[in-house]
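As structure tokens, the structure follows; a few thoughts come after it.
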Amino acid sequence: MEFKDFGLAEPITKALASKNYVTPTPIQQKAIPVLLDGRDLCGIAQTGTGKTAAFALPSLDFFARHPKPTPIKGCRMLVLAPTRELAAQIAQSFRDYGRFLRLSVETVFGGVPIGKQIRALQAGVDIVVATPGRLLDLIDQRAMTLKDVEIFVLDEADQMMDMGFIQPLKRIAKMLPQGRQNLFFSATMPKEIEALAAQFLNDPVKVSVAPQATTAERIRQQATFVNQAEKQALLTITVKDEAINRALIFTRTKHGADRVVRFLEGAGIPAAAIHGNKSQGQRTTALQAFRDGRVKLLVATDIAARGIDVSGVSHVINFELPNVAEQYVHRIGRTARAGAEGIAISFVADDERPYLKAIERTTRVKLDIVPLPDNFMEAVRNLPKAAPKKEQTPQQQARRADGQRRYQDGQKRGTPDRAHRPDAEGGEKRPFRRRRSGSVGAHKGAVQRTGAPR
Ligand code: AMP
């Protein structure tokens, strides 16, 4: 089967040809005909399976055949994604596949000024790709309406649930008009995701390209048992020894991600980190450097890495195992994309052994246990120090300065206050009375009344 067999509108087949796409992936083969028929769809598919094109192509075909003016402050298609990176990536796919169509595509997500998004929406757009939080902000500010949505896509539904987006999604579901086409994608389909799907879908066709939580077969999966404190030494050896083209290294925490980068840098190995504490600009820069191949190692937390599509990731290294088995499936799905082979290496500390068991149970795959390398003890002994902490970002500096200023203000205000207490001078020092919680507003008022320096 080839793309031309779908009978997609000519501008779309032209765009596909320019990207050298000839054969649809399995999810595309199953989903595209159903969607061209206008049916709702429930798809079980991981990132890397080609699911973005599976929903983008038939939607673009619909718009090519049914042109309409864009609805004021509204959109004809809404795609919801859990992270900014994934939203940006999906929007780019729409722009690529729709480059010979005159359609507008906008992204709506936090971390960037809202004003620009409000202006972009004023006259309406064809396709909006959004994260739930910012979308609701815009709706609450009456800068956007969902009443004109003709096609709705919920992508990576299981990740949305993990990130606590359930209430925002329920709110959004209520605002969508009747009679629209709905698409729902998730890598896994436990009961609660099925219940969520039921809120959006109307007699859907179900398609699945990998049985639930089955790990991609092309990925070689290994695990090494190692003390938590010695993982850094093992990582240093691993990234030097393995023929790494691009590696994504996962840590459980943001702090952990920064630490790993500093240790790698201390050993003279360039690496970048992306996680929620980084500004949007830093995240984009790090991701771009990784995409361009300027940085071979990207250290990420699960949330930040969600849906990231970078081709040619040869290795996924789990510096720490995730405590949710499905997360492991998501992580290793970042390698072995589009037909390539991939290697997933997990560092397992003693207290992570139960997680390993759970992963093996869920994926029904036994990981190859690889012993510590011969030069491991030497690497532990000679592990270079971590590079010093980087300068803080302007935002972090501002936040810190603000905290210090407030603390100093508190001290200043405290002094006259204490001086007026009859027993303040000469007497025994009474502990400074703690402000009652919830009195921040009153406190601010006090500052204004007394005119104390801010
Ligand atoms: P996705 O699962 O949507 O994130 O897509 C994974 C990757 O495969 C993306 O880089 C796509 O550009 C690429 N891709 C999607 N469909 C095809 C196709 N039919 N042929 C070749 N590459 C594709």
Side-chain angles (χ1 to χ4, degrees), residues 1-8 12-33 35-36 41-61 77 79-99 105 107 127 129 153-160 183-188 207-210 214-219 245-246 248 287-288 290-293 298 300 304-314 316 329-342:
M1 174 168 220
E2 295 194 359
F3 273 110
K4 60 177 166 42
D5 303 326
F6 292 129
L8 292 163
I12 302 170
T13 46
K14 205 164 119 191
L16 289 173
S18 74
K19 282 184 81 80
N20 290 324
Y21 286 12
V22 179
T23 316
T25 64
I27 184 85
Q28 292 162 359
Q29 291 186 20
K30 290 181 187 174
I32 292 175
L35 293 171
L36 287 172
L41 181 99
C42 181
I44 305 180
Q46 285 173 239
T47 40
T49 53
K51 70 181 155 72
T52 314
F55 64 76
L57 300 176
S59 312
L60 289 169
D61 182 81
M77 176 169 188
V79 182
L80 285 184
T83 62
R84 307 162 192 176
E85 279 80 10
L86 183 57
Q89 206 167 279
I90 294 171
Q92 192 52 48
S93 297
F94 271 96
R95 291 187 187 111
D96 288 350
Y97 305 138
R99 56 190 276 222
V105 183
T107 48
I127 298 148
V129 188
V153 181
L154 181 58
D155 198 14
E156 307 240 333
D158 50 354
Q159 301 290 359
M160 294 262 198
L183 289 65
F184 188 99
F185 289 94
S186 189
T188 55
V207 301
S208 165
V209 286
T214 295
T215 14
E217 279 157 11
R218 297 188 310 275
I219 302 174
N245 183 13
R246 282 196 187 104
L248 256 174
L287 202 53
Q288 200 51 47
F290 188 57
R291 282 211 170 101
D292 296 348
L298 186 68
R306 211 142 280 180
I308 285 179
D309 172 31
V310 179
S311 53
V313 173
S314 55
V316 166
V329 180
H330 279 285
R331 286 186 182 185
I332 70 164
R334 301 299 126 92
T335 181
R337 312 193 112 196
E341 302 255 313

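Order of appearance sets the numbers: ligands from 1, and atoms from 1 within every ligand.
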Val207 side chain near Leu41 side chain, heavy-atom distance below 4.5 Å: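 Yes; the side chains approach each other to less than 4.5 Å.
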
Heavy-atom side-chain contact between Phe3 and Thr13 under 4.5 Å: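 With C-beta onward as the side chain, the pair stays apart.
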
Considering the heavy atoms of [X], write down every atom of ligand 1 situated less than 4.0 Å from one of them.
X: Thr23; answer: 18 (C), 19 (N), 20 (N)
X: Thr49; answer: 2 (O)
X: Thr52; answer: 1 (P), 3 (O), 4 (O)
X: Lys51; answer: 1 (P), 2 (O), 3 (O)

Those residues that, when tested against Asn245, pass side-chain contact (heavy atoms from CB on, under 4.5 Å) (two or more places apart):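 With sequence neighbours excluded, Asn245 shows a side-chain contact (heavy atoms from CB on, under 4.5 Å) to Ser314, given in chain and number order.
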
Distance-only polar pair, side chains of Arg84 and Thr107, donor-acceptor under 3.5 Å: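 No, no side-chain donor-acceptor pair sits under 3.5 Å.
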
Residue pair Val153 / Met77: nearest heavy atoms and the distance that separates them: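 Between these two residues, the closest heavy atoms are CG2-CE, 3.6 Å.
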
Nearest heavy atoms of Ala187 and Gln46, plus distance in Å: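 That closest heavy-atom pairing would be CB-CG, 4.0 Å.
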
Is there a polar contact between ligand 1 and [X], counting only N or O atoms under 3.5 Å apart?
X: Lys19; answer: no
X: Gln46; answer: no
X: Gln89; answer: no
X: Gly50; answer: yes

For Phe184, all residues meeting ring-ring contact (aromatic ring centres under 6.0 Å, His included), sequence neighbours excluded: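 Listed in chain order: nothing, the list is empty.
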
Selection from Phe3, Tyr97, Phe185, Tyr21 by shortest heavy-atom distance to atom 21 (C) of ligand 1: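 Shortest heavy-atom distance from atom 21 (C) of ligand 1: Tyr21.
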
